[in-house]
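Note that these values count all heavy atoms, side chains included, but never hydrogens, waters or copies made by symmetry. As the structure is a prediction and not an experimental result, all values here were calculated from the model.
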Amino acid sequence: TQVKNQLIDIFASMGFEIFEGAEIETDYYNFTALNTPQDHPARDMQDTFYLSPEFLLRTQTSAGQIHVMEKKQPPIKILSPGKVFRSDSDATHSPMFSQMEGLVVDQHITLCDLQGMLDQFVKALFSDEVKTRLRPSYFPFTEPSVEVDVSCHVCGGKGCSVCKGTGWIEILGAGMVHPNVLRMAGFDPEKCSGFAFGVGMERVAMLKYGIRDIRDFYTNDVRFLKTFSRFE
Ligand code: FA5
Ligand code: MG
């Protein structure tokens with residue numbers, strides 16, 4: 001909750017508005033409208049809890065993107081925090097976790113705008129010395145797609161156990177909204193463009209506070225919870 005509030009404060013100061021999506025979604029909004037049709041191999045990137053052939057627990061806050069674009073016209077600048085669900089469980093993967101989606105759609109939006117905004121974001125989140133790096137990646141609903149690394153705030157980029165010797169730590173996925181996604185939402189990709197990003201909020205909290213096991217957030221051990229009262 002503290003990390004979520006901090007993220008909201010940072011993005012609100014950049015002019016983002018909050019959109020609360022639904023936890024139960026249709027296959028259409030979670031996948032198909034995000035350029036991921038039924039037989040698309042990228043569906044295997046996320047193990048989905050289906051409630052019926054049509055309904056599911058959303059696997060990503062990206063499911064809210066099309067809802068937002070159906071309701072609003074550009075300029076759009078939306079932040080959407082919330083719970084998401086995947087059949088996933090280990091020290092860094094929880095079956096229920098929290099993401100924060102950002103979506104910007106307007107005229108002449110470029111990858112530079114995304115990078116500049118993310119750079120501001122990580123400086124506000126960690127410190128002014130922290131740098132960002134974009135790595136080529138793949139998501140069906142963005143093109144080009146990137147994964148964003150921050151320079152390790154523990155060693156300053158020299159390499160340590162936290163960053164596994166690389167000097168960089170991944171914090172989010174992002175990219176330019178795919179023209180097919182804009183079309184699905186009824187927009188003309190010749191007239192507008194946009195970027196989107198999705199941050200894993202527990203992962204940000206784990207980085208900030210050196211937490212090694214994501215399951216600690218959900219086992220309600222009061223000793224764990226109490227260690228955060230001093231960060232209030
Ligand atoms: C996505 O979910 C994309 N929707 C992100 C995105 C949004 C891309 C907009 C482009 C545009 P991915 O599956 O990588 O991507 O998850 C995003 C983040 O959620 C990861 O970087 C990680 O921080 C976090 N995450 C993923 N799976 C889990 C899990 N099981 N438990 C905890 N955190 C997770
Ligand atoms: Mg992943």
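Distance check, rounded to the nearest 0.5 Å: NE2 of H40 to OG1 of T32 gives 11.0 Å. Note that NE2 of H178 is 9.5 Å distant from OG1 of T36, once rounded to the nearest 0.5 Å. Here the CD atom belonging to Q60 is positioned 8.0 Å from the CD atom belonging to Q65, to the nearest 0.5 angstrom. Here CG of L34 is found 9.0 Å from OH of Y28. Values are rounded to the nearest 0.5 Å. For the atom pair E23 CD and L57 CG, the distance stands at 8.0 Å (nearest 0.5 Å). Between atom OG of residue S193 and atom CZ of residue F187 there is a gap of 12.0 Å, rounded to the nearest 0.5 Å.
Minimum heavy-atom separation, S151 to E129: OG-O, 4.3 Å. The minimum heavy-atom distance between L172 and F197, with the atom names listed, is CD1-CB, 4.0 Å. What you find for A205 and V3 is that their closest heavy atoms are CB-CG2, 3.6 Å. Across all non-hydrogen atoms, the minimal contact from S80 to F19 is OG-O, 2.7 Å. Between P81 and M201, the shortest heavy-atom distance links the atoms CB-CE, 4.0 Å. The shortest heavy-atom contact between G167 and C163 is N-SG, 3.2 Å.
A salt bridge is absent between D128 and K123; no separation between the charged side-chain nitrogens and carboxylate oxygens falls under 4.0 Å. With respect to D216 and R223, no salt bridge is recorded, no charged nitrogen being found less than 4.0 Å from a carboxylate O. Look at K72 and E17 and you find a salt bridge, because one of the NZ, NE, NH1 or NH2 atoms lies within 4.0 Å of a carboxylate O, short of that distance. Salt-bridge formation is not detected for the pair E170/R203: no Lys NZ or Arg NE/NH1/NH2 atom is positioned less than 4.0 Å from an Asp or Glu carboxylate oxygen.
Counting heavy atoms from C-beta on, the side chains of R215 and S94 never come closer than 4.5 Å. In this structure, R135 and V146 have side chains that are not in contact, with every pair of non-hydrogen atoms separated by 4.5 Å or more. Proximity of L207 to I169: side-chain heavy atoms (C-beta onward) are separated by under 4.5 Å at one or more points. Side-chain contact between M100 and I8 is present, with at least one heavy-atom pair separated by less than 4.5 Å. Contact check for P95 versus D88: no side-chain heavy atoms found under the 4.5 Å cut-off. Using a 4.5 Å cut-off on side-chain heavy atoms (C-beta onward), M117 and D113 make no contact. The shortest side-chain heavy-atom distance between V105 and L182 falls under the 4.5 Å cut-off. With contacts defined as side-chain heavy-atom distances shorter than 4.5 Å, the pair R183/P189 qualifies.
In this structure, R133 contributes its side chain and V150 its backbone to no donor-acceptor pair below 3.5 Å. Between the side chain of T48 and the backbone N or O of Y50, no donor-acceptor pair lies under 3.5 Å. Of the possible polar contacts, one joining the K77 side chain to the M14 backbone as a donor-acceptor pair under 3.5 Å is found. Distance alone, capped at 3.5 Å, places no donor-acceptor pair between the D106 side chain and the I109 backbone. The closest donor-acceptor contact from the side chain of N35 to the backbone of P140 lies under 3.5 Å. A donor-acceptor contact shorter than 3.5 Å is absent between the side chain of T59 and the backbone of R86. Judged by distance alone, the side chain of T142 and the main-chain N or O of S145 form no donor-acceptor pair under 3.5 Å.
Proximity of the aromatic rings of F31 and F141 is defined here by a centroid distance below 6.0 angstrom, and this criterion is not met. For F97 and F85, the gap between ring centers reaches or exceeds 6.0 Å.
Residue-environment remark: CD (Q46) exceeds the threshold of 12 foreign heavy atoms within 6.0 Å. Other residues, nucleotides and ligands contribute at most 12 non-hydrogen atoms within 6.0 Å of the CD1 atom of I24. Atom NZ of K208 sits in a crowded spot, with more than 12 heavy atoms from other residues, nucleotides or ligands closer than 6.0 Å.
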*asked:* Checking L56 against E25 for the side chain to side chain contact (heavy atoms under 4.5 Å, CB included) test, could you report, in this order, the C-alpha distance in whole Å, the side-chain angles of both residues, the deciding distance, and whether it holds?
replied: CA-CA 6 Å; L56 47 76; E25 263 296 355; 4.0 Å; yes
*Run the numbers on V177 and E143 for side chain to side chain contact (heavy atoms under 4.5 Å, CB included), then give the verdict.*
CA-CA 6 Å; V177 181; E143 180 59 37; over 6 Å; no
*For K131 and D149, what are the C-alpha separation, side-chain angles and deciding distance, and is it a salt bridge (charged side-chain N to carboxylate O under 4.0 Å, His left out)?*
CA-CA 8 Å; K131 295 193 192 67; D149 297 337; over 6 Å; no
*Test side chain to side chain contact (heavy atoms under 4.5 Å, CB included) on F228 and I211 and set out the steps.*
CA-CA 11 Å; F228 292 94; I211 297 158; 3.4 Å; yes
*asked:* Evaluate S98 against E202 for side chain to side chain contact (heavy atoms under 4.5 Å, CB included), listing each step before the verdict.
replied: CA-CA 7 Å; S98 317; E202 286 85 354; 3.0 Å; yes
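In this model, no donor atom of one side chain and acceptor atom of the other lie less than 3.5 Å apart for Y138 and E147. In summary, the side chains of Q99 and T61 do present a donor paired with an acceptor at a separation below 3.5 Å, with no hydrogens or angles considered. In this structure, a donor-acceptor pair under 3.5 Å is present between the side chains of S62 and E101.
When the side chains of ILVMFWY residues are joined at heavy-atom separations under 4.5 Å, either directly or via intervening members, M96 and V204 end up in a single hydrophobic cluster. No single ILVMFWY cluster, assembled from side-chain heavy atoms under 4.5 Å apart, contains both V84 and M45. Using a 4.5 Å cut-off between side-chain heavy atoms of Ile, Leu, Val, Met, Phe, Trp and Tyr, with links allowed through other members, V181 and I76 fall into the same hydrophobic cluster. A single hydrophobic cluster is not seen to contain both M176 and L103; linkage of ILVMFWY side chains at heavy-atom distances under 4.5 Å, directly or through other members, places them apart. There is a path of hydrophobic side-chain contacts, each under 4.5 Å, that joins F16 to V199.
With sequence neighbours excluded, the residues forming a ring pair (Phe, Tyr, Trp, His ring centres under 6.0 Å) with F217 are F224, listed by chain and number.
Relative ring orientation between H67 and Y29 is described as parallel, the plane-to-plane angle staying below 30° on a 0-90° scale split at 30° and 60°.
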